[in-house]
There are 2 protein chains.
Amino acid sequence: MQTLTIKDIAKALGVSTSTVSRALRDSHEINPLTKLKIIEYAKSIHFIPNPMAVSLRGKINKSIAIIVPTLHNSFFSEVIEGIDSVAHEKGYHLTIFQTHESFEREVEEIHQAIGRRVDGIAISISGSTNNFDHLANLVDAKFPLVFFDRVPDLTDTPKITIDNLTLAYECTQKIIDKGAKKIAHITTPLILKNIKERFDGFLKCLKDNSIDFDSNLLKVCHFDPKEAEEAVIELLKNDEIDAIFTGSDRITVDVFRVLKKLFPERQEKIFQFGFSNHNIVDLITPPILVVKQPAFQLGVVTAQNLLHNIECKSHNAWKKEDVRIR
Amino acid sequence: MQTLTIKDIAKALGVSTSTVSRALRDSHEINPLTKLKIIEYAKSIHFIPNPMAVSLRGKINKSIAIIVPTLHNSFFSEVIEGIDSVAHEKGYHLTIFQTHESFEREVEEIHQAIGRRVDGIAISISGSTNNFDHLANLVDAKFPLVFFDRVPDLTDTPKITIDNLTLAYECTQKIIDKGAKKIAHITTPLILKNIKERFDGFLKCLKDNSIDFDSNLLKVCHFDPKEAEEAVIELLKNDEIDAIFTGSDRITVDVFRVLKKLFPERQEKIFQFGFSNHNIVDLITPPILVVKQPAFQLGVVTAQNLLHNIECKSHNAWKKEDVRIR
DNA sequence: GTGAAAGCGCTAACAT
DNA sequence: ATGTTAGCGCTTTCAC
């Protein structure tokens with residue numbers, strides 16, 4: 001690799017390195033002619049300044065960290081596409097960190113990201129994170145940080161979320177309109193705010209329709225298909241159940257699989273509805289009424305907030321308000 | 001952010017920065033006691049060396065670029081998981097670049113990656129790349145580069161691929177065994193080697209079964225669902241078609257959609273089979289016989305080859321052979 | 001308008 | 001075994 005430096009340019013053009021540096025950053029205090037000559041030459045040799053040197057010297061890095069539970073997931077990969085579409089335009093690059101739903105990994109990856117001197121972090125917290133000190137520290141230190149989708153209870157930093165409550169409410173209503181009476185809910189632990197909100201929207205809708213919810217109809221599963229299986233088996237002992245609301249992408253698919261495998265005949269008669277961002281979920285039979293989250297848009301707004309704060313000189317002008325995407 | 005440096009450690013412990021530096025890199029020529037003291041202290045203050053400084057000074061960066069057409073794709077995101085699993089273990093981080101199937105973007109992103117001084121690049125080339133100079137230059141410059149899945153015709157650098165020919169052959173055989181006689185093939189342009197191989201495997205199987213292939217039954221579509229629709233409509237004018245082989249993930253789903261929308265009655269009678277890495281494709285009806293590529297494993301092998309070459313002192317010992325995954 | 005020089009945080013000769 | 005020093009590529013005072 002040609003590892004050209006401004007020194008090479010300076011030598012070739014018979015000027016000093018500082019002149020080159022200034023010309024390249026389009027400083028006003030420089031002879032337009034020299035400037036032009038330098039810029040032209042730099043372009044001709046495909047010069048790219050060494051970002052290590054730039055960021056060692058200055059402050060910024062033009063890179064942001066994205067911390068997600070996993071990449072291999074239709075929702076998160078679409079969010080990242082949204083983030084990238086904004087970041088790319090502004091010349092930022094993404095470094096990806098995965099936590100695999102582990103709290104320890106999350107703490108470690110944040111350390112790594114900071115260590116790598118990223119300019120900011122966009123994070124969707126892991127499913128097992130219930131202590132937020134590592135994140136609160138960042139906020140206290142005024143480090144540019146934006147939460148998306150899975151957000152903790154922290155103030156003073158933007159949290160970009162989807163209006164889960166309303167989405168859950170609306171699709172529950174549709175199912176009730178179709179005549180469902182006895183609706184079960186299978187979901188992941190209610191630690192995560194967005195998951196909790198879906199449950200709340202569901203409950204609110206039942207209430208508004210004067211249906212009361214038997215707490216036996218709520219099943220909480222961790223990230224293991226086995227648990228979904230047990231939950232379904234347990235629930236279906238109740239013959240009256242005519243609908244199942246699933247609270248997350250994975251659970252939606254897991255439950256569908258269990259029904260198909262163990263209770264094909266009952267699956268025909270049970271409405272399943274829930275959250276999923278799988279882009280071929282509309283092709284499966286029997287159909288599931290699916291709530292698709294606006295993932296790309298979530299990514300766009302997340303990036304906008306983060307980049308605003310990164311590039312904002314004064315901390316007072318930082319965006320700190322929560323944003324809800326519909 | 002506390003931006004601690006070795007200087008801080010040196011001052012706190014009353015030693016010189018070089019002693020600290022050496023202790024932290026576990027140099028043998030240092031007093032075990034001082035070493036211990038320094039390491040302990042560094043740990044206690046959560047010290048992470050500034051990677052910018054490290055890589056400015058030395059050579060390596062502990063980061064690799066992943067260049068893919070798009071992230072939001074079950075196959076690529078799973079490959080990246082595989083790459084990350086190996087890279088993470090060795091302390092490398094991934095910076096992701098997307099080309100969105102554009103040749104220009106690919107050239108630009110490679111420049112960016114080099115500019116960022118990544119230690120190596122793993123790339124799956126864009127669907128519209130038919131000039132390989134930008135890649136050949138990297139190989140000539142002995143820059144660590146590994147191709148995966150979508151590989152160009154270049155020598156002297158590893159190409160990690162899936163044995164598409166065999167996979168295509170095997171599933172074609174299964175369909176023939178079920179009685180199919182008139183099998184159409186819908187695929188993306190045959191520029192990409194892996195796509196071409198699938199076609200070849202398909203043809204070979206037909207030949208081995210003494211079925212001859214009418215070239216009218218081959219339809220090539222670009223990355224637009226419209227084209228898939230036209231292809232299907234055109235093909236189904238032929239009543240004898242009893243099976244359709246789809247050559248890529250996207251095409252598989254697009255074709256299924258068109259059939260479902262426009263020809264539901266014929267869909268029942270036509271075997272569809274093809275490549276897809278969608279993890280819920282087994283749930284759709286009528287079922288598609290699906291070839292799932294070992295994406296994670298592909299990622300693992302890609303990372304192993306790349307990291308080997310990055311960390312290898314002598315260029316002679318570089319891995320350069322192609323690897324085929326089954 | 002341009003150059004000389006210092007320094008960002010770190011490592012690796014080169015001393016001692 | 002440890003300290004001193006130079007320098008990686010760049011930006012930015014401070015001179016002129």
Side-chain angles (χ1 to χ4, degrees), chain A residues 1-39 41-42 45-63 91 111-112 114-119 313, chain B residues 1-39 41-42 45-63 91 111-112 114-119 313:
Chain A
M1 287 301 45
Q2 13 62 305
T3 172
L4 299 164
T5 74
I6 53 171
K7 207 188 261 177
D8 298 313
I9 300 181
K11 205 176 297 169
L13 266 44
V15 292
S16 78
T17 58
S18 22
T19 304
V20 175
S21 174
R22 287 191 188 96
L24 259 23
R25 338 204 76 247
D26 203 28
S27 163
H28 47 278
E29 47 167 15
I30 211 122
N31 187 322
L33 226 72
T34 350
K35 191 191 288 187
L36 191 72
K37 209 166 56 183
I38 293 172
I39 292 179
Y41 181 72
I45 62 169
H46 297 293
F47 174 75
I48 299 185
N50 184 326
M52 304 316 160
V54 177
S55 79
L56 180 57
R57 181 78 240 285
K59 314 250 338 167
I60 66 167
N61 205 335
K62 288 272 182 180
S63 90
H111 263 126
Q112 286 292 337
I114 298 296
R116 296 210 150 232
R117 307 299 193 267
V118 295
D119 300 319
K313 315 112 230 314
Chain B
M1 289 300 46
Q2 13 63 305
T3 172
L4 298 164
T5 74
I6 54 170
K7 208 188 260 177
D8 297 314
I9 300 181
K11 205 177 297 171
L13 267 45
V15 293
S16 80
T17 59
S18 31
T19 305
V20 176
S21 174
R22 285 194 270 257
L24 259 24
R25 339 203 74 250
D26 203 27
S27 163
H28 46 276
E29 45 168 14
I30 210 115
N31 186 321
L33 226 71
T34 358
K35 192 192 286 188
L36 191 72
K37 210 166 54 182
I38 292 172
I39 292 179
Y41 181 72
I45 62 170
H46 296 294
F47 173 76
I48 299 185
N50 184 328
M52 305 314 161
V54 177
S55 78
L56 179 59
R57 180 80 241 284
K59 314 247 348 165
I60 67 166
N61 205 335
K62 288 275 184 179
S63 89
H111 262 127
Q112 285 292 337
I114 298 296
R116 296 209 151 233
R117 308 299 192 268
V118 296
D119 300 320
K313 316 113 229 316

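Everything numeric here is computed off the predicted structure, so don't read it as measured data. Chain A is the first sequence line, chain B the second, and so forth, proteins listed ahead of strands; every chain is numbered from 1.
- For dT4(D), its base sits under 3.5 Å from the side chain of Ser18(B) at one donor and acceptor pair at least.
- Computed from coordinates, the Asp26(A) CG to dG1(C) P distance equals 14 Å when rounded to whole Å.
- For the pair Arg57(B) and dA12(C), the criterion of a side-chain N or O lying under 4.0 Å from OP1 or OP2 is not met.
- OP1 or OP2 of dG3(C) has at least one side-chain nitrogen or oxygen of Thr19(A) nearer than 4.0 Å.
- Atom C1' of nucleotide dG7(C) and atom CD1 of Ile6(B) are separated by 14 Å, given to the nearest angstrom.
- Checked against dT2(C), dG9(D), dT2(D), the side chain of Glu29(A) finds its nearest nucleotide in dT2(C).
- Rounded to whole Å, atom P of dC10(C) lies 10 Å from atom NZ of Lys7(B).
- Going from atom CG of Asn50(A) over to atom P of dG9(C) covers 16 Å, rounded to whole Å.
- Residue-to-nucleotide proximity on DNA chain D shows that, of Pro49(A) and His28(B), the 5′-proximal contact is made by His28(B).
- At whole-Å resolution of the value, CE in Met52(B) and C1' in dT11(D) are 16 Å apart.
- Between Arg25(B) atom CZ and dA13(C) atom P there is a gap of 12 Å when expressed in whole angstrom units.
- Taking atom CG of residue Leu4(B) and atom C1' of nucleotide dC10(C), one finds them 15 Å apart after rounding to whole Å.
- Both Phe47(A) and Pro32(B) sit near DNA chain D, but only Pro32(B) has its closest nucleotide nearer the 5' end.
- Residue Ile30(A) is in sugar-phosphate contact alone, with no base atom involved, counting any heavy-atom pair closer than 4.0 Å across all strands shown.
- In this structure a side-chain-to-backbone donor-acceptor pair under 3.5 Å is missing from Lys35(A) to Arg22(A).
- Of the possible donor and acceptor atoms, none in the side chain of Asn50(A) sits under 3.5 Å from a partner among the backbone N and O of Arg117(B).
- At dT2(C), none of the side-chain N or O atoms of Ser16(A) fall inside 4.0 Å of OP1 or OP2 (strictly under the cut-off).
- When atom types are taken as modelled, the side chain of Asn61(A) and the backbone of Asp119(A) share no donor-acceptor pair closer than 3.5 angstrom.
- Taken from CZ in Phe47(B) to CD1 in Ile9(B), the straight-line distance is 4.5 Å, to the nearest 0.5 Å.
- Interface remark: the Arg22(A) side chain does form a donor-acceptor pair with the dT13(D) base, using a distance-only criterion of under 3.5 Å.
- Across dT2(C), dC10(D), dG9(D), the shortest atom-to-atom separation from the side chain of Leu56(B) is found for dG9(D).
- Looking at heavy-atom distances under 4.0 Å, Ser55(B) makes no contact with the nucleic acid at all.
- In this structure, Thr17(B) does not reach the dT11(C) phosphate: none of its side-chain N or O atoms is under 4.0 Å from OP1 or OP2.
- Candidate nucleotides dG9(C), dT11(D), dT2(C) were compared by shortest atom distance to the side chain of Val54(A), and dT11(D) ranks first.
- The residue from Val15(B), Leu24(B), Thr19(B) that alone fulfils the side-chain contact (heavy atoms from CB on, under 4.5 Å) condition with Ile6(B) is Leu24(B).
- The distance from atom NZ of Lys62(A) to atom P of dT11(D) is 13 Å, rounded to the nearest whole Å.
- The backbone N or O of Pro51(B) lies less than 3.5 Å from a partner atom in the side chain of Ser55(B), making a donor-acceptor pair.
- At a cut-off of 3.5 angstrom, the base of dA12(C) holds no donor-acceptor pair with the side chain of Ser21(B).
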